[in-house]
Amino acid sequence: MRYIEQIYINGQFVKPQGTKIQDLISPTTQQLIGRVTLGNEDDARIAIAAAKEAFKTFSKTTVEERIQMLQRLHDAILDRSDDMIEANITEYGAPKLAAIGRVKLAAENFMDTKEALEQFEFVKYIGTAKVVSEPIGVIGIITPWNATYSQITAKLGSAIAAGCPVVIKPSELSAIQAQLITECFHEAGIPSGVINVVNGLGQTVGTELTRNPDVAMISFTGSTRTGKDIRRGAVETMKRVTLELGGKSPNIILDDADFNTAIPTSVRQCFNNNGQACVAGTRLLIPEHRLEEVKVLAKKAVEAIKVGNPWDEDTVLGPIITEKQYNQVQRYIKSGIDEGAELIIGGLGRPEGLEQGYFVKPTVFANVTEDMTIAKEEIFGPVLSILTYQTEEQAIEMANNTNYGLGAYISSSNIDKANEIASRIAAGLVLINGAGFEMKAPFGGFKQSGIGREYGAYGLEECFESKTITGYKS
Ligand code: NDP
């Protein structure tokens with residue numbers, strides 16, 4: 001059992017003012033694994049005050065000093081990586097190999113930001129003006145539970161690089177992981193008040209961060225619904241808000257693609273992170289006349305996936321985070337069946353032999369039409385919908401026929417054509433022929449998938465205000 005009874009304010013682990021306690025349940029065993037004491041609005045206000053005070057000196061630190069801090073943050077995470085991997089598996093249910101990658105990525109984010117900082121031009125000359133980038137102020141960081149380490153470090157790295165103190169509100173479902181990463185921040189010897197971490201609910205701590213006039217910017221990852229609430233809440237104080245939200249990403253397979261590679265890859269691109277990934281390619285768009293072949297290939301690809309104990313190195317798919325999310329995924333699977341989609345594999349209930357834990361059967365539906373709920377809404381579970389198109393024009397139209405615009409995937413043996421299609425997809429990220437992510441490049445969404453960008457130079461840019469000075473020469 002882990003008891004998380006302290007929050008981190010002004011360089012110290014302290015008892016929160018809030019007294020509510022929440023159980024932490026293992027998604028794999030459904031056993032109680034810990035308890036977290038939740039902070040409240042007062043804790044958020046104390047943390048914000050500490051960050052505001054720290055801004056006075058932190059904003060004046062040199063680039064070299066902040067480069068050293070980013071390096072120490074990176075090193076501190078690697079020093080605790082075994083504990084962090086363990087917590088990611090136990091608390092979140094991440095398959096072991098994925099957890100190892102996640103922790104590495106979390107540390108690497110600081111190095112990528114360090115590189116961006118080294119290259120950043122703080123002063124530019126435009127016409128008769130000198131344009132100076134100044135740190136925006138205190139940043140409120142609000143994160144969900146599906147990639148705690150990397151979401152926090154991507155946002156924190158940019159803030160530290162820019163000279164902005166932060167108050168972080170992680171999801172209370174990630175309390176153990178948040179505690180560990182906070183211990184790393186403490187070990188890194190960052191000046192007091194620069195990093196503050198307050199566990200608590202979105203409705204209390206999150207709302208206070210959103211509305212407090214001493215917070216200059218909110219950097220949020222989570223659902224589009226909450227993103228809208230945050231944006232509304234931030235209007236009164238005119239905060240900058242960056243939002244990394246949901247998605248319903250299309251995966252276009254062109255007729256000339258190598259289907260034997262593209263279909264299994266598409267299944268993985270949908271089931272990544274136990275199916276709980278904002279960029280999951282959940283709508284597989286294929287030429288109509290290849291449907292029968294795709295059904296066979298998709299079924300075979302799913303059959304090869306091991307669902308189960310995340311500690312096993314050959315497990316690809318672990319459990320869903322909570323009973324609530326599990327039930328939500330079940331409702332979506334039921335709606336697919338009820339609305340007439342063809343179930344290729346998977347379906348309702350738990351996989352055989354996995355009665356304990358929030359395990360979902362990896363599920364593929366064919367003959368999905370654009371009006372079906374499973375084609376429109378973010379499911380956040382391992383559920384793939386296959387839709388067919390007759391022409392490439394129609395495929396592009398279908399890909400863009402969504403309120404979201406986070407990711408898109410394209411497979412084709414004609415790279416010129418793939419690039420041309422990439423230019424016509426309304427999404428912040430396009431991956432061609434199974435290519436991976438580039439974490440130094442910007443990450444974020446078009447349309448209702450978000451506002452602003454994270455990671456690397458673009459993430460850093462968000463944390464500055466520009467000041468134009470003319471007549472600066474004597
Ligand atoms: P939310 O968007 O509700 O939560 C994300 C974070 O925001 C949490 O830390 C949450 O705190 C906080 N929060 C909630 N309400 C507010 C508020 N009014 N003001 C400030 N902060 C707030 O996601 P859920 O965890 O509820 O998941 C719901 C759905 O969202 C999922 O099924 C999935 O579809 C989607 N989702 C998408 C993610 C993505 O990366 N695109 C990530 C996670 C979820 P707390 O949890 O303490 O209430």
Please tabulate, one pair per line, all N/O donor-acceptor pairs under 3.5 Å involving side-chain atoms of residues 360-367, not counting sequence neighbours.
residue, atom, partner, partner atom, Å
K361, NZ, L348, O, 2.9
T363, OG1, G347, N, 3.0
T363, OG1, K361, O, 2.6
N367, ND2, E342, OE1, 2.7

Show me the donor-acceptor pairs, under 3.5 Å and distance only, between side chains in residues 96-105 and residues at least two apart or in other chains.
residue, atom, partner, partner atom, Å
K96, NZ, E313, OE2, 3.4
R102, NH1, N273, OD1, 3.2
R102, NH2, N273, OD1, 3.4

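Looking at E91, its side chain does come within 3.5 Å of a backbone N or O of Q177 through a donor-acceptor pair. The closest donor-acceptor contact from the side chain of T322 to the backbone of Q325 lies under 3.5 Å. Without hydrogens or angle criteria, Q276 side chain to I321 main chain gives a donor-acceptor distance under 3.5 Å. Judged by distance alone, with hydrogens and angles left aside, the side-chain atoms of T402 form a donor-acceptor pair with the main-chain N or O of Y404 at under 3.5 Å. No donor-acceptor distance shorter than 3.5 angstrom exists from the side chain of E370 to the backbone of A375, with no hydrogens or angles considered. A donor-acceptor contact shorter than 3.5 Å is absent between the side chain of T90 and the backbone of A87. Under a 3.5 Å cut-off, the side chain of K114 and the backbone N or O of M69 do not form any donor-acceptor pair. Between the side chain of T226 and the backbone N or O of S223 there is no donor-acceptor pair closer than 3.5 Å. No donor-acceptor pair closer than 3.5 Å links the side chain of K248 to the backbone N or O of G281. A distance-only check finds no donor-acceptor pair linking the side chain of T224 to the backbone of S449 [under 3.5 Å].
The 12-atom threshold is not exceeded at CD of E236, counting heavy atoms of other residues, nucleotides or ligands nearer than 6.0 Å. Environment of CZ in R211: sparse, with no more than 12 heavy atoms of neighbouring residues, nucleotides or ligands closer than 6.0 Å. Environment of OH in Y458: sparse, with no more than 12 heavy atoms of neighbouring residues, nucleotides or ligands closer than 6.0 Å. Within 6.0 Å of CD in Q12 there are 12 or fewer heavy atoms belonging to other residues, nucleotides or ligands. Shown here is R350, whose CZ atom has more than 12 heavy atoms of other residues, nucleotides or ligands within 6.0 Å.
Applying side chain to side chain donor-acceptor pair (under 3.5 Å) to T153 and the options T113, N109, D112 leaves one that passes, N109. Partner of I168 under the side chain to side chain contact (heavy atoms under 4.5 Å, CB included) criterion, chosen from I195, V205, N196: I195.
When every heavy atom of T373 is checked against every heavy atom of S335, the shortest pair comes out as CB-OG, 3.8 Å. Nearest heavy atom pair, residue S174 against residue P144, reads OG-O, 4.1 Å. Shown here for A234 and V241, the closest heavy-atom pair between the two residues is CB-CG2, 3.5 Å. Summarising the geometry of G137 relative to C164, their closest heavy-atom pair is O-CB, 3.1 Å, with the distance given to 0.1 Å. In plain terms, the two heavy atoms of P165 and G193 that are nearest each other are CB-O, 3.9 Å. Taking both residues in full, the closest heavy atoms of I136 and F55 are given as C-CZ, 4.5 Å, listed atom of the first, atom of the second, then distance.
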- Please test L387 against T369 for side-chain contact (heavy atoms from CB on, under 4.5 Å), starting from the C-alpha separation and ending with a verdict. CA-CA 6 Å; L387 297 92; T369 52; 5.8 Å; no
- Message: Run the side-chain contact (heavy atoms from CB on, under 4.5 Å) test on V267 and V302 for me, step by step, so that the C-alpha distance in whole Å, both residues' side-chain angles and the decisive distance to 0.1 Å come before the verdict.
- Response: CA-CA 7 Å; V267 168; V302 174; 3.9 Å; yes
- Please lay out, stage by stage, how F359 and T28 fare under the test side-chain contact (heavy atoms from CB on, under 4.5 Å). CA-CA 8 Å; F359 292 97; T28 307; 4.0 Å; yes
- Item | Test log, rule side-chain contact (heavy atoms from CB on, under 4.5 Å), inputs N251 and L285 | CA-CA 6 Å; N251 195 338; L285 309 181; over 6 Å; no
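Contacts classified as salt bridge (charged side-chain N to carboxylate O under 4.0 Å, His left out) and involving residues 2-23 (residues at least two apart or in different chains) are given here: D23-R35. Applying the salt bridge (charged side-chain N to carboxylate O under 4.0 Å, His left out) rule to pairs touching residues 131-142 yields E134-K467, sequence neighbours excluded. Within the structure, salt bridge (charged side-chain N to carboxylate O under 4.0 Å, His left out) contacts touching residues 431-445 (residues at least two apart or in different chains) are E115-K440. Here salt bridge (charged side-chain N to carboxylate O under 4.0 Å, His left out) pairs that include residues 38-50, with residues two or more places apart or in two chains, are D42-R45, R45-E208.
Evaluation of the salt bridge (charged side-chain N to carboxylate O under 4.0 Å, His left out) rule for E339 yields no partner, not counting sequence neighbours. For F13, the ring pair (Phe, Tyr, Trp, His ring centres under 6.0 Å) partners at least two apart in sequence or on another chain are Y8, H186. With sequence neighbours excluded, no residue satisfies ring pair (Phe, Tyr, Trp, His ring centres under 6.0 Å) with F437. Residues satisfying the salt bridge (charged side-chain N to carboxylate O under 4.0 Å, His left out) test with E393, not counting sequence neighbours, are R424. Remark: R80 pairs with D83, E183 by the salt bridge (charged side-chain N to carboxylate O under 4.0 Å, His left out) rule, at least two apart or across chains. Annotation: salt bridge (charged side-chain N to carboxylate O under 4.0 Å, His left out) contacts of K52 (sequence neighbours excluded): D214.
Below 30°, between 30° and 60°, or above 60°: for F380 and W145 the angle between ring planes is above 60°, a perpendicular geometry.
A 4.5 Å side-chain heavy-atom check between V329 and I379 finds at least one atom pair inside the cut-off. Within the 4.5 Å cutoff, the side chain of V430 has no heavy atoms near those of the Y409 side chain. By the 4.5 Å heavy-atom criterion applied to side chains, Y92 and I176 are not counted as neighbours. Taking the side chain as every heavy atom from C-beta outward, I7 and I9 approach each other to under 4.5 Å. Side-chain contact between Q448 and K228: present, with at least one pair of heavy atoms (C-beta onward) separated by less than 4.5 Å. Two residues are said to be in side-chain contact when any heavy atoms from C-beta on lie closer than 4.5 Å; P170 and V197 meet this criterion. Residues N274 and P319 are in side-chain contact: their nearest non-hydrogen atoms beyond the backbone lie under 4.5 Å apart. Side-chain contact between I141 and K169 is absent, with no heavy atoms from C-beta onward closer than 4.5 Å.
Taking CG from L24 and CG from L173, the interatomic distance works out to 8.0 Å, rounded to the nearest 0.5 Å.
At a cut-off of 3.5 Å, with distance as the only test, a side-chain donor of K155 or S219 sits close to an acceptor on the other residue. The closest side-chain donor-acceptor pair between N199 and Q179, if any, does not fall under 3.5 angstrom. If you check the side chains of S385 and R283, you find no donor sitting under 3.5 Å from an acceptor.
A salt bridge does not link E462 with R240: every distance from a Lys NZ or Arg NE/NH1/NH2 to an Asp or Glu carboxylate oxygen is 4.0 Å or more.
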